[in-house]
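Just so it is clear, the model here is predicted, and its values are computed rather than measured.
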Amino acid sequence: MQGHEPFVSYEGLEQLHRFLFVLGITHVLYSCLAVGLAMSKIYSWRRWGNQAAMATGGNLQGKKIKVMRRQTTFVFHHTSHPWSRSPILNWMLCFVRQFRSSIQKSDYLALRLGFITEHKLPFL
């Protein structure tokens, strides 16, 4: 073409292609790492679920009352802190908490039984 300059030089286009390739590979690797870490966290809770399934042979009504009490304290505990009123502080706390102790065993068991009871599922 006479009298026209290309918008991007061939060298610039090559650099752009390399950048996009590295960006794509980084995205895929980060996604695989995030899924792997999430799966390891969820599989660590399986032990608690198996223990709860083995222990459901007892008094279910007493467990429901105990769980409802625990769910009430769970909600109160997670909404009564000063940082729960600020969205930025709440986000920072949740971000840090996901790497440490995201949930305790008692909270997991209370939420599990509450979910099973609410959706009228069999106690497994």
Is there a continuous path of hydrophobic side-chain contacts, each under 4.5 Å between heavy atoms, that joins I42 to L37? no

Any pair counted as salt bridge (Lys or Arg N to Asp or Glu O under 4.0 Å), so long as it reaches residues 15-42, sequence neighbours left out: E14-R18

Residue list, ring-ring contact (aromatic ring centres under 6.0 Å, His included) with H27, at least two apart or on another chain: none

Results of side-chain contact (heavy atoms from CB on, under 4.5 Å) for Y30 - residues two or more places apart only: none

Value for CD1 (I25) from CG (L20), rounded to nearest 0.5 Å, stands at 12.0 Å

How would you list, by chain and number, every residue that makes a side-chain contact (heavy atoms from CB on, under 4.5 Å) with I88, sequence neighbours excluded? S86, M92

Would you call the rings of F115 and H119 parallel, tilted or perpendicular, where under 30° means parallel and over 60° means perpendicular? tilted

Transitive ILVMFWY cluster of M39, excluding itself - 4.5 Å side-chain cut-off: V35, Y43

CZ of R112 to OG1 of T117, rounded to nearest 0.5 Å, is 10.0 Å

Between F7 and L13, is there shared hydrophobic-cluster membership here, with clusters defined by ILVMFWY side-chain heavy atoms closer than 4.5 Å? yes

Results of ring-ring contact (aromatic ring centres under 6.0 Å, His included) for F21 - residues two or more places apart only: none

